[in-house]
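Beneath this line is the structure, given in structure tokens, with notes to follow.
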Amino acid sequence: MSVEIKTIGILTSGGDAPGMNAAVRAAARTAIYKGMRVFGIRRGYAGLLANDMFEMNIRSVSEILHRGGTVLYTARSHEFNSREGVQKAKEVCVRNGIDGLVCIGGDGTFRGARDLCNSGIPCVGVPGTIDNDIACSDYTIGFDTAVNTAVEMIDKLRDTIQSHARCSVVEVMGHEAGYMAQAIGVASGALMTLVPEVKYDLDRDVVERILYTQRSGKSHFIIVMAEGCGSSQDVADFISTRTGIETRVTVLGHVQRGGIPTVRDRVMATEMGARAVELLEKGNGARVVAYKHGEIMDFDIDEALSMKKSLDLSVFEMTKMISL
Ligand code: F6P
């Protein structure tokens, strides 16, 4: 698909992630620099269907680089997930003279972008999700801020569980993947991290580790658990029944999605947002921007959606050896 792009739309879709604003800013300013008109589309594909958009200038994206969330708002649209929805979205683009889109979000956002591409509107996806679960990319915008937020919270929890000699089961986000949990577990020194990718046995992997380290003098215990691993309350109840140690659950929840983006997220988002526009400018629709082997690159959107990513199990094993 090679069309001259004169006007682009930018949208954020799915769960918000810190750094999305930096990507919006970079995409808008790169496009304006290149002489394009730019529309900011509110509420993702839902807003596109509702024609909810505004024309942007270089000042429209002032003072957003350091802000969490997304100034374009976000949503998950059921209507868009149908042939009719995609056709309607295409018509809205055509009516507004939008001949290319930058779609910032996760897998669901990319599937939407692929469908719109197939209907004739060039789209480039930018990976924005705290989960870091986009297969074609080693990094997704928001991950660094989210894991730092979680680790900061666990550092605080450590003070209270140490004072009470308790066990703390901390449930973290990550959708169905353990990328967040693994990074958080390593950085917070959790005694054990439960991830959906690795089958666990609570007696062997949690209770025995607690009792073993207790015998070595440890008096407080942090268990990090990915949300995709089941009920954190059940795990906590199991631990207290088997060990007699008072155990509390903390579900960090959506606090992990907010906050000021870290430098890493701002830099990644800026590079990725700019790259998305450069791809559209060159007539490359149907692409996804990625960070792979230390470089910003891009993949065909179908190829990106068919790729698989897996958790680094050597890190998982190494952590079990160290976090005692
Ligand atoms: O994809 C980001 C994420 O925060 C996941 O980690 C989590 O499973 C999900 O979104 C929560 O979604 P919602 O905002 O609909 O509660």
Side-chain angles (χ1 to χ4, degrees), residues 11-24 42-47 67-81 103-113 125-154 169-185 187-188 193-197 224-233 235 249-262 264-265 268-269 272 288 290-291 304-305 307-311:
L11 60 82
T12 53
S13 166
D16 62 311
M20 277 184 164
N21 284 329
V24 170
R42 298 187 188 91
R43 298 181 293 111
Y45 297 113
R67 285 174 53 195
T70 162
V71 293
L72 291 180
Y73 305 97
T74 186
R76 294 186 173 103
S77 167
H78 293 301
E79 188 189 353
F80 182 72
N81 288 335
C103 305
I104 306 164
D107 271 339
T109 305
F110 293 175
R111 280 192 290 276
V126 173
T129 164
I130 62 166
D131 302 336
N132 203 17
D133 62 347
I134 302 281
C136 69
S137 189
D138 293 341
Y139 192 77
T140 61
I141 298 163
F143 177 74
D144 189 55
T145 308
V147 294
N148 272 288
T149 299
V151 170
E152 199 184 317
M153 296 296 146
I154 295 174
V169 176
V170 186
E171 183 184 311
V172 301
M173 277 189 166
H175 196 43
E176 286 161 5
Y179 302 103
M180 283 189 68
Q182 174 148 294
I184 293 164
S188 65
T193 301
L194 304 178
V195 293
E197 293 84 348
V224 166
M225 181 172 166
E227 62 180 347
C229 279
S231 158
S232 42
Q233 189 59 55
V235 171
V249 172
T250 301
V251 179
L252 291 182
H254 290 82
V255 72
Q256 295 160 101
R257 286 235 296 258
I260 296 171
T262 60
R264 179 153 208 228
D265 278 323
M268 279 287 173
M272 287 177 167
V288 168
Y291 179 74
L305 283 168
M307 288 164 88
K308 299 267 175 284
K309 185 173 185 174
S310 51
L311 195 69

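For ligands, and for the atoms within them, numbers begin at 1 and follow the listed sequence.
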*Taking atom 16 (O) of ligand 1 as the reference point, the nearest protein heavy atom with its distance*: H254 NE2, 2.8 Å
*Any donor-acceptor pair under 3.5 Å from Q256 side chain to V147 backbone*: no
*Would you mind listing which atoms of ligand 1 come within a distance below 4.0 Å of any non-hydrogen atom of I130?*
4 (O)
*Mind checking whether L194 and V224 have side chains closer than 4.5 Å, heavy atoms only?*
no
*ligand 1 versus Q256, non-hydrogen atoms closer than 4.0 Å: side chain, backbone, both, neither?*
neither
*Tell me, which protein residue and heavy-atom name are nearest atom 11 (C) of ligand 1, and how many Å apart are they?*
R257 NH1, 3.6 Å
*Tell me which part of E227 gets within contact of ligand 1: side chain, backbone, both or neither, using heavy atoms under 4.0 Å.*
side chain
*Is any side-chain heavy atom of Q182 less than 4.5 Å from a side-chain heavy atom of N132?*
no
*Please name the residue in the list F143, Y139, F110 that meets the side-chain contact (heavy atoms from CB on, under 4.5 Å) test with P127.*
F110
*Could you find the nearest protein heavy atom to atom 2 (C) of ligand 1 and give me its residue, atom name and distance?*
D131 OD2, 3.3 Å
_Positive for side-chain contact (heavy atoms from CB on, under 4.5 Å) with M20, one of T129, L72, T12, T74_ = T12
*asked:* Below 4.0 Å from ligand 1: does a non-hydrogen atom of E176 turn up there or not?
replied: no
*Which of the atoms in ligand 1, numbered in the order shown and given with their element, are less than 4.0 Å from a heavy-atom of R76?*
10 (O), 12 (O), 13 (P), 14 (O), 15 (O)
*What atoms of ligand 1 come closer than 4.0 angstrom to any heavy atom of G174?*
6 (O)
*Does some side-chain heavy atom of N81 sit less than 4.5 Å from a side-chain heavy atom of Y45?*
no
_Run the side chain to side chain contact (heavy atoms under 4.5 Å, CB included) test on D131 and T140 for me, step by step, so that the C-alpha distance in whole Å, both residues' side-chain angles and the decisive distance to 0.1 Å come before the verdict._
CA-CA 7 Å; D131 302 336; T140 61; 5.9 Å; no
*Per-atom contacts, ligand 1 versus H175 - under 4.0 Å to a heavy atom*: 5 (C), 6 (O), 8 (O)
